[in-house]
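Residues take their numbers from the sequence shown, with the count starting at 1.
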Amino acid sequence: MAPRKIIIDTDPGQDDAFALLFALGAPHELEVLGVTTVGGNVPLARTTRNALQLTELAGRADLPVFAGCPRPMLKRLQTAEYVHGESGIDGCTLPAPSRPARDEHAVNWMVRTIMDAPEGEITVCTLGPMTNLGMAMVMEPRIIPRLREVVLMGGGYFQGGNATPAAEFNIWVDPQAASVVFDSGAPVTMASIDCTWTAMMTPAWVRSLGALKSASAEALIGMAEFYMSYGSHKFDTPDRPIHDACVPGYLLVPEAFAFRQCSVVIETRSPETEGMTVVDWWHSTGRARNCKVLGKVDAPRFFDRMYRAFATLP
Ligand code: BDR
Ligand code: CA
């Protein structure tokens, strides 16, 4: 089978870095057409530089990187240096990128690429605030029926949120963009924090990457150590959810994820619950079930697949 064509929209972020390298380490199953960046964990200039460095770390200096929206549609950008450090990928030191981002805006490239591809071919994976994809759908709604699937990390159902009591960070940063996407009619699959909290990365698994003896493994270990140092007020173990990696994880081992098809609406108006993913778990509204809500992941299978992907990288 031909590899599945995906666009990765991201705000690296150490867990974005894990996701990116996971996808790039599975070229027989996933063909990454390009990487688009958005302001999120850190400002856009940083996420773009990080994406350039990380693709080079994976030996993919050929992969185009496009800078997208520097801020959400309506809100001011809220960043998360308190989790990811000043650079967004603290914990590793990578060489300066050898190439710049492409000249074209990420949203224009996304629209052009989806319009030029056969219908139902392209999957867009969002690992940060959904500003670029929401903007693309507003600019050119004809991309919507052409998408195969949108797979995102964001939201929550039983857990509520991690940025506020009700909202997960990616959705909370740009609820309007998320609302455009969830409301679009495109098939949406959501790896929420309820799912990602079952993808707990352990210090022992991180240490096991050392056996790969590669530059990418060394950088991943450094990033993991930094990333896992945050959150002792939330977790009673040293293990941490490797959120964004659940997106390529789902694409590569879908059978490892429990799921439920539900109606999901994004709250955009209430100050207390802004950015909440309102999941109709019991189908009480009777609204169309627009979202595949991912649940518990089979962690050993997931981490084994990720390890094997990393083992292919330089
Ligand atoms: C999400 O927020 C970011 O901090 C992570 O990169 C991930 O995409 C988790 O809520
Ligand atoms: Ca992210």
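No side-chain heavy atom of Cys92 sits under 4.5 Å from any side-chain heavy atom of Phe226. For the pair Leu220/Gln14, no side-chain contact is recorded, criterion being any heavy-atom separation below 4.5 Å from C-beta on. Proximity of Asn50 to Gln53: side-chain heavy atoms (C-beta onward) are separated by under 4.5 Å at one or more points. Proximity of Met110 to Asp9: side-chain heavy atoms (C-beta onward) are separated by under 4.5 Å at one or more points. Annotation: side chain of Leu251 is in contact with side chain of Arg4 (closest heavy-atom distance under 4.5 Å). For the pair Ile6 and Ile122, the minimum side-chain heavy-atom distance is 4.5 Å or more. For the pair Val111 and Asn108, the minimum side-chain heavy-atom distance is 4.5 Å or more. For the pair Leu21/Leu313, a side-chain contact is recorded, criterion being any heavy-atom separation below 4.5 Å from C-beta on.
Using a 4.0 Å cut-off between charged nitrogen and carboxylate oxygen, Arg301 and Glu255 count as a salt-bridge pair. Glu81 has no carboxylate O lying under 4.0 Å from a charged side-chain N of Arg46, or vice versa, which leaves the two without a salt bridge. Arg102 and Glu104 are not joined by a salt bridge, as no carboxylate oxygen comes within less than 4.0 angstrom of a charged side-chain nitrogen. Look at Glu140 and Arg146 and you find no salt bridge, because none of the NZ, NE, NH1 or NH2 atoms lies under 4.0 Å from a carboxylate O.
The OG1 atom of Thr131 sits 10.5 Å away from atom CG of Leu74, with the distance rounded to the nearest 0.5 Å. Atom SG in Cys262 sits 11.5 Å away from atom CZ in Arg287 (nearest 0.5 Å). Rounding to the nearest 0.5 angstrom, the gap separating the CD1 atom in Ile193 from the CD atom in Gln159 is 4.0 Å. To the nearest 0.5 Å, atom CG of residue Asp304 and atom CH2 of residue Trp205 are 9.5 Å apart. The CE atom of Met228 lies 13.5 Å from the CE atom of Met223; values are rounded to the nearest 0.5 Å. Atom CZ of residue Arg71 and atom CD of residue Gln78 lie 11.5 Å apart, to the nearest 0.5 angstrom.
Of all the heavy atoms in Ile89 and Pro12, the pair that sits closest is CG2-C, 4.1 Å. The shortest heavy-atom contact between Met153 and Val247 is N-CG2, 3.6 Å. In this structure, Pro129 and Val173 approach most closely via the heavy-atom pair CG-CG1, 3.6 Å. Across Cys291 and Val264, no two heavy atoms sit closer than the pair CB-CG2, 3.6 Å. The shortest heavy-atom contact between Phe302 and Ala245 is CE1-O, 3.4 Å. Residue Pro248 comes nearest to Phe22 through the heavy atom pair CG-CD1, 3.7 Å, listed as atom of the first residue, atom of the second, then distance.
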Subject >> Stepwise side-chain contact (heavy atoms from CB on, under 4.5 Å) check, Val38 with Thr10 >> reply: CA-CA 6 Å; Val38 66; Thr10 178; over 6 Å; no
Original post:
Would Met190 and Phe182 satisfy side-chain contact (heavy atoms from CB on, under 4.5 Å), going step by step from the backbone distance to the final call?
Top reply: CA-CA 10 Å; Met190 170 172 105; Phe182 276 79; 3.8 Å; yes
Subject >> Verdict with supporting geometry, Val206 and Met201, side-chain contact (heavy atoms from CB on, under 4.5 Å) >> reply: CA-CA 7 Å; Val206 171; Met201 189 159 75; 3.7 Å; yes
**OP:** Determine, stepwise, if the pair Ile171 / Leu152 fulfils side-chain contact (heavy atoms from CB on, under 4.5 Å).
**Re:** CA-CA 10 Å; Ile171 310 289; Leu152 69 114; 4.2 Å; yes
**OP:** For the pair Glu119 and Arg142, evaluate salt bridge (Lys or Arg N to Asp or Glu O under 4.0 Å) and give the outcome as yes or no after the intermediate values.
**Re:** CA-CA 10 Å; Glu119 199 167 312; Arg142 287 180 301 164; over 6 Å; no
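The one candidate from Asp16, Asp15, Asn170 that meets the side-chain hydrogen bond (donor to acceptor under 3.5 Å, both in side chains) condition with Asn41 is Asp16. Checked options Thr126, Thr36, Val32; the residue passing with Ile8 is Val32 (criterion: side-chain contact (heavy atoms from CB on, under 4.5 Å)).
No side-chain donor from either of Thr196 and Arg240 sits under 3.5 Å from a side-chain acceptor of the other. A side-chain N or O of Thr189 and one of Glu149 form a donor-acceptor pair less than 3.5 Å apart. Remark: the Glu56 side chain and the Ser98 side chain contain an N/O donor-acceptor pair separated by less than 3.5 Å. A donor-acceptor pair shorter than 3.5 Å can be found between the side chains of Asp280 and Thr285.
Applying the salt bridge (Lys or Arg N to Asp or Glu O under 4.0 Å) criterion to Lys292, with sequence neighbours excluded, gives no partner residue.
When atom types are taken as modelled, the side chain of Thr198 and the backbone of Val297 share a donor-acceptor pair closer than 3.5 angstrom. Thr79 contributes no side-chain N or O that, together with a main-chain N or O of Pro43, makes up a donor-acceptor pair within less than 3.5 Å. The main-chain N or O of Trp109 is found under 3.5 Å from a side-chain atom of Thr113 such that the two form a donor-acceptor pair. Between the side chain of Thr273 and the backbone N or O of Met276 there is no donor-acceptor pair closer than 3.5 Å. Between the side chain of Thr277 and the backbone N or O of Val279 there is no donor-acceptor pair closer than 3.5 Å. Side chain of Asp174 to backbone of Met73: a donor-acceptor contact under 3.5 angstrom is found. Of the possible donor and acceptor atoms, none in the side chain of Arg207 sits under 3.5 Å from a partner among the backbone N and O of Thr202.
Aromatic ring pairs are classed by plane angle as parallel below 30°, tilted from 30° to 60° and perpendicular above 60°; the pair Phe18 and Phe310 is perpendicular. Relative ring orientation between Tyr230 and His233 is described as perpendicular, the plane-to-plane angle rising above 60° on a 0-90° scale split at 30° and 60°.
If you chain together hydrophobic residues whose side chains sit under 4.5 Å apart, Leu77 and Val107 never meet in one group. Phe303 and Leu24 fall within the same hydrophobic cluster, where Ile, Leu, Val, Met, Phe, Trp and Tyr residues are linked whenever their side-chain heavy atoms come under 4.5 Å apart, directly or through other members. Clustering ILVMFWY residues whenever any of their side-chain heavy atoms sit less than 4.5 angstrom apart, transitively, puts Val180 in a cluster other than the one holding Trp172. One hydrophobic cluster holds both Leu33 and Leu147 under the rule that ILVMFWY side chains link at heavy-atom gaps under 4.5 Å. By the rule that hydrophobic residues join a cluster once side-chain heavy atoms approach within less than 4.5 Å of another member, Met137 and Val265 end up as members of separate clusters.
Relative to the ring axis of Trp197, Lys296 does not place its NZ or CZ within 45° and under 6.0 Å from the centre. Cation-pi contact between Arg289 and Trp281: absent, since separation from the ring centre below 6.0 Å together with deviation from the ring axis within 45° is not met.
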Atom pairs and distances, donor-acceptor, side-chain atoms in residues 59-66, under 3.5 Å, two or more places apart:
| unit_1 | atom_1 | unit_2 | atom_2 | d |
| --- | --- | --- | --- | --- |
| Arg60 | NE | Asp62 | OD1 | 2.9 |
| Arg60 | NE | Asp62 | OD2 | 3.3 |
| Arg60 | NH2 | Asp62 | OD2 | 3.0 |

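Counting heavy-atom neighbours within 6.0 Å of Lys234 NZ, excluding the residue itself, gives a total above 12. Other residues, nucleotides and ligands contribute at most 12 non-hydrogen atoms within 6.0 Å of the CZ atom of Phe259. Within 6.0 Å of atom CD in Glu218, 12 or fewer heavy atoms from other residues, nucleotides or ligands are found, so the atom counts as exposed in its surroundings.
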